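Proteins come first, then strands; the chains are lettered A, B, ... in the order of their sequence lines, and each starts at number 1. Just so it is clear, the values below take in all heavy atoms, side chains as well, and ignore hydrogens, waters and symmetry mates. Remember, predicted model here, so these are calculated numbers, not experimental data.
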2 protein chains.
Amino acid sequence: MPRKICSEKACFPIDAIKRLVGYYRDLKHLKEKGVNVISSFSLSEILGVSPEQIRKDLSYLGEFGKRGVGYDVEHLIKNLEDRLTIVRPSNAVICGVGRLGMALMGYAGFRDLNIRISAGFDVDEAKIGMEVAGIKVYHLRHLVKVCKRIHPEVAIISVPASYAQDVCDRIISVGVRGILNFAPVSLSVPNDIFISNVDLSVELGALLFCTRMGEAGGAKG
Amino acid sequence: MPRKICSEKACFPIDAIKRLVGYYRDLKHLKEKGVNVISSFSLSEILGVSPEQIRKDLSYLGEFGKRGVGYDVEHLIKNLEDRLTIVRPSNAVICGVGRLGMALMGYAGFRDLNIRISAGFDVDEAKIGMEVAGIKVYHLRHLVKVCKRIHPEVAIISVPASYAQDVCDRIISVGVRGILNFAPVSLSVPNDIFISNVDLSVELGALLFCTRMGEAGGAKG
DNA sequence: ATATGTGAACCATTTCACAGCA
DNA sequence: TGCTGTGAAATGGTTCACATAT
């Protein structure tokens with residue numbers, strides 16, 4: 001993934017986008033709790049992000065607040081849904097129905113973003129034809145055929161590392177332009193394809209290193 | 001998590017640490033394939049990171065290459081294991097043995113970093129006493145007692161969002177200083193605790209947004 | 001009075017360019 | 001000559017400070 005993303009109109013940092021998606025989710029929780037108006041300062045405490053950062057992030061998408069007052073929660077949610085294109089539903093597929101793949105098929109959080117997991121793929125004959133969380137599992141050899149019907153916008157790769165590049169290539173060949181990769185390898189893709197790596201052992205390894213370094217020194221940030 | 005981490009000797013960026021852990025993993029694959037010496041330029045193609053970036057990242061930990069030649073793969077691996085403290089084994093625990101928690105208990109990648117998942121915790125009586133991938137599941141109410149025996153350095157939180165802060169507090173109370181959080185909420189922790197959030201729907205949502213923006217514009221980075 | 005929105009200042013990381021060494 | 005290691009320059013995200021609006 002690049003560090004920032006641009007259209008003709010504007011550029012903004014990927015990290016800002018991720019934070020904004022997080023704001024959206026937490027704002028929905030706030031609304032359920034009956035909060036109608038909130039300032040960037042109060043939001044700051046809930047989100048663990050500075051008020052200036054929140055305001056700057058929101059300003060990438062437009063002006064949604066009232067000066068001297070704050071943000072109308074519902075209005076802000078609606079605008080985030082619109083600008084982040086959450087209103088527009090999407091299909092996704094999962095390649096690799098192992099333990100992790102199955103967990104992702106049942107992950108409720110995707111639905112909140114209007115993302116529907118429409119199919120799973122695996123090579124294990126025992127799994128073909130199964131339904132996991134209401135999602136049908138197909139053989140990987142039918143990937144192209146099934147995807148031509150489903151038209152997934154994004155794909156999740158949760159196959160073993162050694163299969164990942166092959167699956168990745170085939171996913172791209174059916175027109176998928178965004179890939180969330182859980183396989184612990186660096187995949188090579190054309191530079192019009194977005195690939196985001198969630199590397200669990202890298203995360204845990206880096207965390208462990210930090211705590212051990214912290215023992216002797218301390219974090220500064 | 002802060003942006004950088006410091007000891008008395010040096011400071012370096014968290015992102016560099018994460019990349020280094022990734023280099024370590026990919027170098028081990030390379031070694032298995034019989035590669036003995038490699039330049040930062042060849043590594044660049046495999047890792048998808050620029051040669052300068054690789055050299056700079058490595059330079060945070062020391063000087064491991066031979067000018068005019070490249071890096072001895074085995075020598076580099078040994079040094080990374082040493083400097084990233086991967087040689088030193090660690091225990092971790094997982095709080096929340098749902099679908100995701102179970103997947104993580106069986107995740108092979110942790111073992112490659114000498115990280116051992118030593119216990120799982122849940123509140124579901126049906127799961128208590130179970131073994132998942134050889135790891136015993138305890139009731140959450142015994143968290144403190146079991147952790148005092150195991151001495152985990154890091155913990156993984158994969159409980160529902162509403163339980164996460166409570167579990168987090170208790171984990172910290174037994175001396176854990178690093179937390180990998182999968183619950184989709186911002187947790188508040190003292191600032192000597194390292195917490196890394198893996199937010200699956202945020203990742204997928206941001207990815208989707210990028211592909212949709214990319215349709216009209218294009219990535220620059 | 002209060003809180004937003006934003007250009008400017010700041011600061012960290014990435015990239016560059018080249019000195020240093022095999 | 002070839003590739004590493006690293007100060008210096010550039011890039012770009014975050015923080016600051018304040019003008020602006022209610």
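- With contacts defined as side-chain heavy-atom distances shorter than 4.5 Å, the pair I179(B)/I157(B) qualifies.
- Using a 4.5 Å heavy-atom cutoff, the side chains of R212(A) and L208(A) are in contact.
- Neither OP1 nor OP2 of dC3(D) sits under 4.0 Å from any side-chain N or O of S39(B).
- Taking every side-chain heavy atom of P13(B) into account, dT13(C) is the closest of dT15(C), dT13(C), dC16(D).
- Going from atom CG of L61(B) over to atom C1' of dG5(D) covers 14 Å, rounded to whole Å.
- Rounded to an integer number of Å, the gap from I14(A) CD1 to dT14(D) P is 12 Å.
- At the phosphate of dT13(C), neither OP1 nor OP2 sits under 4.0 Å from any side-chain N or O atom of Q53(B).
- Distances from the side chain of F41(B) to the nucleotides dT14(D), dC3(D), dT15(C) place dC3(D) closest.
- Heavy atoms of other residues, nucleotides or ligands lying less than 6.0 angstrom from CD of E52(B) number more than 12.
- The residue among K66(A) and D57(A) whose nearest nucleotide of DNA chain D lies closer to the 5′ end is D57(A).
- Residue E52(A) contributes atom CD, which lies 12 Å from atom C1' of dC18(D) at whole-angstrom precision.
- The nearest whole Å value for the distance from the CG atom in D15(B) to the P atom in dG12(D) is 16 Å.
- Distance CD (E63(B)) to P (dC3(D)): 18 Å, rounded to an integer number of Å.
- Candidate nucleotides dC3(D), dT6(D), dG13(D) were compared by shortest atom distance to the side chain of S59(B), and dT6(D) ranks first.
- For the pair R3(B) and dG12(D), the criterion of a side-chain N or O lying under 4.0 Å from OP1 or OP2 is not met.
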Show which side-chain atoms of residues 160-169 of chain A pair as donor or acceptor with protein atoms under 3.5 Å away, not counting sequence neighbours.
from: Q165(A); atom 1: OE1; to: S188(A); atom 2: N; distance (Å): 3.0
from: Q165(A); atom 1: NE2; to: D169(A); atom 2: OD1; distance (Å): 2.9
from: Q165(A); atom 1: NE2; to: S188(A); atom 2: O; distance (Å): 3.1
from: D166(A); atom 1: OD2; to: R170(A); atom 2: NH1; distance (Å): 3.3

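- A 4.5 Å side-chain heavy-atom check between L100(B) and L100(A) finds at least one atom pair inside the cut-off.
- Nearest to the side-chain atoms of R55(A) among the listed nucleotides dA17(D), dG20(C), dT15(C) stands dA17(D).
- The base of dT22(D) has none of its N or O atoms less than 3.5 Å from a complementary donor or acceptor on the side chain of R67(A).
- For S40(A), counting side-chain heavy atoms from C-beta on, the closest listed nucleotide (dT4(C), dA17(C), dG7(D)) is dT4(C).
- One can place CZ of F12(A) at 15 Å from C1' of dG13(D), the figure rounded to the nearest angstrom.
- Of the candidate nucleotides dT6(D), dG12(D), dT15(C), dG12(D) has the atom lying nearest to any side-chain atom of K4(A).
- Between Y71(B) and the phosphate of dG5(D), there is a side-chain N or O to OP1/OP2 separation shorter than 4.0 Å.
- Rounded to whole Å, the distance from CG on L43(A) to C1' on dA3(C) is 12 Å.
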